[in-house]
Amino acid sequence: MRIGLALRELHDAEVELVRTLLRTAEHHRSAHDVHHLALDLAAWSRRHLRELAAVGGRYGVDLVQDQEPAHGRHAQEGEPDAGLLLLRDLREVHVRASEVSLDWELVAQAAQASADEGLLDLVRQCHPDTLRQLRWANAHLKDNAPQVLGGR
């Protein structure tokens, strides 16, 4: 079975999503809604990583929660490129969450094909969180793009 490979890919994508969300939170401390929500969304993905680690052994993969908070420069209120940095970070969250969502879909298909109800339940539990992460990034991109790119 190659489900272990799909779980490894999903795990790695979740790790990158956590890193991206933590970096976004770090960059935008002064934008409290972005900062705090990005931290909450990162916690969801960390929970996903714990759940994946718990099932990985059944498929011959050792999945370790292996991410460190990313550090970068902060966007200061009124800084000319703070808006562009926000759009860049939100875009990266969107791309990473899209990748994770696709990987959850692949794992779901594999779980269905192998009649693994436990794994399918895990997908049903975690994938909706990823879809919410994706919608959050998309909504914030739509809200901020007109002001940042339109120069208002």
Side-chain angles (χ1 to χ4, degrees), residues 1-29 31-75 83-146 148-149:
M1 270 197 220
R2 295 187 178 152
I3 295 176
L5 176 62
L7 290 172
R8 165 70 62 204
E9 291 293 320
L10 172 57
H11 176 271
D12 292 349
E14 284 277 14
V15 166
E16 288 305 315
L17 179 56
V18 169
R19 288 180 177 155
T20 301
L21 286 162
L22 292 175
R23 185 174 45 250
T24 298
E26 180 74 15
H27 285 171
H28 306 286
R29 286 183 177 273
H32 298 291
D33 60 329
V34 172
H35 174 76
H36 291 293
L37 222 68
L39 291 176
D40 288 345
L41 297 177
W44 293 0
S45 284
R46 283 181 165 153
R47 180 177 49 79
H48 299 172
L49 288 169
R50 287 190 300 274
E51 298 288 340
L52 287 166
V55 301
R58 290 188 359 222
Y59 296 97
V61 289
D62 183 22
L63 303 174
V64 180
Q65 190 171 338
D66 146 64
Q67 74 277 345
E68 298 175 22
H71 298 286
R73 65 181 203 83
H74 300 286
L84 291 175
L85 179 61
L86 178 61
L87 290 183
R88 186 199 71 198
D89 287 342
L90 290 169
R91 181 184 179 282
E92 183 70 15
V93 169
H94 192 278
V95 167
R96 295 290 181 195
S98 295
E99 179 182 16
V100 170
S101 179
L102 287 171
D103 286 342
W104 278 118
E105 291 287 351
L106 294 175
V107 169
Q109 295 302 312
Q112 285 178 339
S114 65
D116 186 336
E117 285 300 316
L119 187 55
L120 200 51
D121 286 343
L122 178 62
V123 172
R124 289 179 185 134
Q125 175 188 359
C126 296
H127 190 213
D129 291 342
T130 303
L131 294 173
R132 285 191 290 274
Q133 291 166 321
L134 190 56
R135 285 192 300 270
W136 173 79
N138 191 50
H140 271 70
L141 281 164
K142 287 179 179 179
D143 287 347
N144 287 284
V148 173
L149 300 176

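Remember, predicted model here, so these are calculated numbers, not experimental data.
- Judged by distance alone, the side chain of S101 and the main-chain N or O of A97 form no donor-acceptor pair under 3.5 Å.
- Side-chain contact check for W104 versus E14: some heavy-atom pair is nearer than 4.5 Å.
- When every heavy atom of T24 is checked against every heavy atom of V34, the shortest pair comes out as CG2-CG1, 4.0 Å.
- With sequence neighbours left out, the side chain to side chain contact (heavy atoms under 4.5 Å, CB included) criterion links A6 to V107.
- T130 is not listed as a side-chain neighbour of E105, based on a closest heavy-atom distance of 4.5 Å or more.
- V61 and G4 make their closest contact through CG1-O, 3.5 Å (heavy atoms, listed as atom of the first residue, atom of the second, distance).
- R96 has a carboxylate O that lies under 4.0 Å from a charged side-chain N of E99, or vice versa, which qualifies the two as a salt bridge.
- Residues that satisfy the side chain to side chain contact (heavy atoms under 4.5 Å, CB included) test with Q109, not counting sequence neighbours, are Q112.
- Considering only heavy atoms from C-beta on, L86 comes within 4.5 Å of L90 through its side chain.
- By the 4.5 Å heavy-atom criterion applied to side chains, L7 and L52 are counted as neighbours.
- Nearest approach of H11 to L63, heavy atoms of both residues: CD2-CB, 3.7 Å.
- Residues satisfying the side chain to side chain donor-acceptor pair (under 3.5 Å) test with H94, not counting sequence neighbours, are none.
- Scored by the salt bridge (Lys or Arg N to Asp or Glu O under 4.0 Å) test, D121 finds R124 as partners (sequence neighbours excluded).
- Between R23 and H27 there is a side-chain heavy-atom pair separated by less than 4.5 Å.
- Listed by chain and residue number, A31, H140 satisfy the side chain to side chain contact (heavy atoms under 4.5 Å, CB included) test with D33 (two or more places apart in sequence, or in another chain).
- Two residues are said to be in side-chain contact when any heavy atoms from C-beta on lie closer than 4.5 Å; V100 and H48 fail this criterion.
- Counting all heavy atoms, side chain and backbone alike, A42 lies closest to L21 at N-CD1, 3.6 Å.
- By the 4.5 Å heavy-atom criterion applied to side chains, T20 and D89 are not counted as neighbours.
- Contact record, S45 with V18: CB-CG2, 3.3 Å, taken as the closest heavy-atom pair.
- In terms of the salt bridge (Lys or Arg N to Asp or Glu O under 4.0 Å) criterion, residue partners of D129 (sequence neighbours excluded) are, by chain and number, R47, R132.
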